[in-house]
Every structure is written in structure tokens, then in C-alpha cells.
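The shown structure was predicted, so the numbers you read here are calculated from the model rather than taken from an experiment. Chain naming here is simple, since letters A, B, ... match the order of the sequence lines and numbering starts at 1 in each.
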Number of protein chains: 2
Amino acid sequence: MALGEFQLIDRYFRPLQQPGGLSRPDVLLGVGDDGAVLRVPAGRDLVAVLDTLVEGRHFLPGCDPRSIGHRALAVNLSDLAAMGATPAWALLGLTLPAADDTFLHALAAGLAELAARHGVALVGGDTTAGPLALTVQAMGFVPPGQALRRSGAAAGELLFVSGTPGDAAAGLLLERGTAGGLHVTPEQQHAARYLQDRFLFPTPRVALGEALRGLASACIDVSDGLAQDAGKLAHDSGCGLRLELDQLPLSPQLLALVGAGRACQLALTGGDDYELCFSVPAGSLAELSAVATATDCRLTCIGVLEAQPGLRLWQEGSPVQQPAAGFDHFAGAD
Amino acid sequence: MALGEFQLIDRYFRPLQQPGGLSRPDVLLGVGDDGAVLRVPAGRDLVAVLDTLVEGRHFLPGCDPRSIGHRALAVNLSDLAAMGATPAWALLGLTLPAADDTFLHALAAGLAELAARHGVALVGGDTTAGPLALTVQAMGFVPPGQALRRSGAAAGELLFVSGTPGDAAAGLLLERGTAGGLHVTPEQQHAARYLQDRFLFPTPRVALGEALRGLASACIDVSDGLAQDAGKLAHDSGCGLRLELDQLPLSPQLLALVGAGRACQLALTGGDDYELCFSVPAGSLAELSAVATATDCRLTCIGVLEAQPGLRLWQEGSPVQQPAAGFDHFAGAD
């Protein structure tokens, strides 16, 4: 069924203005005009992020459209979380080859569920015909001077990561079917489903990001692989980093499916985790422990910031070789 | 030459943080972290817009990349202008098949020139591999309650349009070469070039939009064809509209190339004009005349809002047939 652009907007995206059926009083004018009119709360700075998902690059052709809608917003909420921002509003640029009713219904539902969970109102956007891609721009608030940056870490501080990185990368391999080279026995079906869900429906660490304001000295979200993103945090802070591979928090599901060696590699270089990686002074460990409890997030110390630049991997008390480079969207495009 | 994503951002887009070399003090943190940190001025509301340009849909394959960069920002500044907003910041989602140095240099230059003209800082974005497309999200400010909406017009008010609609549509036909069916004689080359430039480098009516705050009762930008967009303004205001075709401001270049009949059709249904269409009470004509002078914009009264719903075209004192439907991105996608 084909729908005109204006019907599309009306049917699927206008309802997303009210997350979970609730209107945000800071949205003075939402979808349906040339622009949205929004009011940033007094005494708050605005944090703005934007991320694009392209079919064949960030999700597989034939992927569950609920996952596409979820992930398009999740990757942006993850960026807001990495800044310590409280999410508020989003705009959606949707390019799709045909206006298919079933597909759009599921895509909008995936986006709406996550938006409602975080009280995010969809306040505008654009739909156009073209190869399937979604660009979401999201906005949130931080108290002045409290945004988390990549550049605030200092030598001697501890590096933490949330959750269990590597799961999403394994999930993607499984989504790809035999191409991933993973053989799944009947007993492993449950673990495999878990890993696929970590790829298809990642959890942006919004509450954690907010709780880290005033506590973490630097923060980044893990989208391109833990080694690369942790390395960026260290580099932008003018530090180096010693990562303890033995400390990587690997999920039992990941270990069951791929074994310790490959699990470690996937955790370091896999990408798509949308966990937070952050530094804290050693004196803040008690406070951080309370944050882990309050936000129900597993937080694991995986290394230490050092004065000497560069990334150094350690395992069983000895330095080991560098892992392969992280995920760079153009690394292979010669 | 292939570039990594981070080098891309550094080389071409980081310099766009400072429009014309000037930094904006309201950008507390720009390109290079997970998000930008921005400060909306006290006593101002935020206006947010987002528009996508897709190759083959909004610009032709092989199009001058300077034009692509210009238009990606211009269509968003036009939306801000239609809201009466003063532009401030933009984010860019750039999807491109390969990281070509020459192409990116020209694209960034087209975007940078227009950004500098309006003091707009590029504060973030995302680059990814995929079919060529640009999504720009732009933000601006309005005094509380002064955003121009589509829905404020009243019966009896006059409808105006800026500039000379139809030029861009003719320019696109010319860009398409013989496919447009336009034959250009040597004497018409100059006019043809003018029309092509109106398509390739549209002028967002930013100063006009700002000047219309408190003066226009409703406003929309003309992107999908004057008849359709004017019709939306009337509809959203709960009015109908009588359009006087004799009053359409047709450029001498357009008339020279296509004649009066086709010029009128292009002006009504062509799209891509990025002019402003707005309503004012008859008592505001003197003030509007001063605005036209101050902003150096040709402003033409083309009709009157009426109580009876619907769009009525009049020519030489008589009603004439409806034009073809305006431009809808999915109208033909059965």
C-alpha cells in the first residue's frame, strides 16, 4: 500500500509526539509545521547528537523493522548518555524505497517503545523516497558545566565499562547466519537469541550517564569497539591506557557460544555495544558502586589511565599484541 | 583518495564549527565528542528542523557538489526562516559511497559559504558509507510566542510570496538537459544560467523570516510548489484561498524561456523555490512594504484568504481549473 508523505507523517509519526501518551510541556509546537518550537528548561544546557543508520551497513536487509526503529533512536540516546544528558526530543529523517504500511507500523512501534521508556518526544522530521536509511537527531539537557566529555581523564584514574561488550558483535554474526561462522547447537539456542537481541535491541545507558555527572572524569559510548573507543577517551584526555584483558566482562552467553579467545576479541573490536566507557578517580569507587546498584548496571574496571600515550593490552600479568583496528566506516573504502 | 571517518571529520567538517572563522560563544562543545553542548540564549525558544537530500531525488547524479552542500543547509535555513527563527547551529548526517577528497572539499565549501553568511556553526554529525544522501538538522531562536506558524491566517487577510517562484523548477529542467524539453537559443543562455542557479543555489529568506515576526499571521516555505504550500497554509488556518494567477511574480528569465502559460504552471507546481509564502492583515501593508525594502526582497500579493475551504484559482477575473497536484515524495510510488 502506498501512502503520500503527509499521510505517512500523520499516521505513523505524529503519535510519537507524545511518548507513552504523555505530552511534554516543553514542546510548544511539534510535528506538522516547518519546524518544532521547543523550550530548554532554565538553567540547563542543550546537548545535540545525530546518527545515521544505513541498510546493509548498520542493519541487514530484511531485518525486523522494530529493531531498525529501536536502534535508530538507541544509538542517539547512547550518545546523549555518554554526555550525561537527560534525553528530551528527537527528529527523524526517514528515507525509504516504498511506503509499506506493515514495515512502517513496526518501525514506528520500535521507535515509539524506546521513546516512551525515556520520555522522548518526536518533534519533527522528513520522509523521502530513496535507499532505506534513518537519521535521528536527538536533544537532551545537562546542568551547566556538567556534560561528560571524552577529554577529562587523568593518569592514574580507573577505566570502567558498563554491561558485557562483545555480545552485540556476536549477535550480528548470528543474524548473518552461516556467514558468521558460528555453529549453534540446540542447547545454545537460548544464548544465541540473547546475543541477537543485544544487537537488535541495544540498551542505551541513559540512567547511568545521568548518574555519572559529577562522578566520571570522562565518558564515551562504545559503538566502534571497546579498544578503539577506550583509546579515543585516553587520547583525547592526553593519556595512554593499560587495558586488562582478564578483566573484560564477558557474558556467559558469549563465552558459551564462541569461547574465551574469540569472546575477548569481539569485546575489544566488535562494535555496536552502546555501553558506556568512563574514567573515575580511585577515590570514587564507593560512590560508583552505589551508582551500579541504583541504575542496575554491571560496571567493571577494565584498566587504568597512564601518562604514556598509546593503548597497551595486558593479559595474565604480561603485555600482549595489539588487537585489530576498531570499526571505521571508511577503513576499507580504497 | 580514501580517508578514514575521523580524518574526514577533522579535515572537512571541523573547520565548519567556526562560521567564516568566527566562533560562536553559545557553542560550549562542538564537533569531536559524542555530542555538542549548546546554550540557548535566555528568553529565547529553540526552533528545530530537519531535512534530507537524496541523490537522484533532490539532486541529479553528477551534480556540482558545492550545490549539494549549499542546498542541504539552505532547505533547512528556509524552514527556520518560515518559522521566523534566527539560525544558529546545524548538524550534518552525511552518507557517501566513497570518501573522495575533491568531492568532499567542494561539498564542504558549499555548505561553509552559506553557513558563514548566516553565522551558522556546524556542531556535530555523522559520516557513513552508503548511497549519497545528506540530512541536515538545524536550530535557531525565536522570542517566546513569536514563532511563525502555518495555522494563524484568517479570512480576509492577504497572501504574499517572496521572490519569483517557478525559476528553480525551470532550472531543474535545464539541469536535466534535453529531458526537460526546453530548447535554449544562444540568446537565452544567460537566462538559462540564472534559472539553473536558482535551482542549484537557492536563497533561504532568513532576514525576511525574522522581519515577519509579529507581522505575518502565518508563514510556510515554498518547497513543494506554491499552490500546494499555499493551500496547506490556508487549510491549517481553517481557511480557503483565492489565488490570482495574473499576480504571480514571474521572472523575465522564466518568461523568456518557457512563455507565460508554462511559467505560471511551474510557479504553481514546480517546487524547490524556498521562497516564503505568508499572510498579513490588510492593515499591515505599509509595514510590509518597509520590510521588503529593508530585506531587499520582492514581495507580491498573490491572493486572499477566504472563509470557504479549498483552493480557488482565478485568472483575468474568472475562476480557472485546478492545477496538477504539488510535489509529494511518494505520490507516484504505488
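For chain B, the nearby part of A:Asp236 is the side chain; its heavy atoms alone come within less than 4.5 Å. Looking at A:Leu53, there are no atoms closer than 4.5 Å to chain B (heavy atoms on both sides), in backbone or side chain. Proximity to chain B (any heavy atom under 4.5 Å) is shown, for A:Thr52, by both the backbone and the side chain. Looking at A:Ala147, the atoms closer than 4.5 Å to chain B (heavy atoms on both sides) all sit in the side chain, from C-beta outward.
Under the 4.5 Å side-chain criterion, counting only non-hydrogen atoms from C-beta, A:Val54 is in contact with B:Pro131. Residues A:Leu46 and B:Arg39 are not in side-chain contact: their nearest non-hydrogen atoms beyond the backbone lie 4.5 Å or more apart. Counting heavy atoms from C-beta outward, A:Leu38 and B:Val47 have side chains that stay 4.5 Å or more apart.
Of all the listed residues (A:Asp51, A:Val40, A:Leu92), the one sharing the greatest number of non-hydrogen pairs under 4.5 Å with chain B is A:Asp51. For chain A, the option among B:Leu29, B:Asp26, B:Leu28 with the highest count of heavy-atom pairs below 4.5 Å is B:Leu29. When each of A:Ala85, A:Ala81, A:Gly32, A:Gly140 is checked for heavy-atom pairs under 4.5 Å with chain B, A:Gly32 comes out on top.
B:Ala48 and A:Met139 get closest at one heavy-atom pair: CB-CE, 4.0 Å. Heavy atoms only, all atoms of each residue included: A:Asp221 and B:Asp34 are closest at OD1-OD1, 3.0 Å. Nearest heavy-atom pair across B:Asp33 and A:Leu148 is OD1-O, 4.3 Å.
Remark: B:Thr135 OG1 to A:Leu94 CG distance equals 10.0 Å, nearest 0.5 Å.
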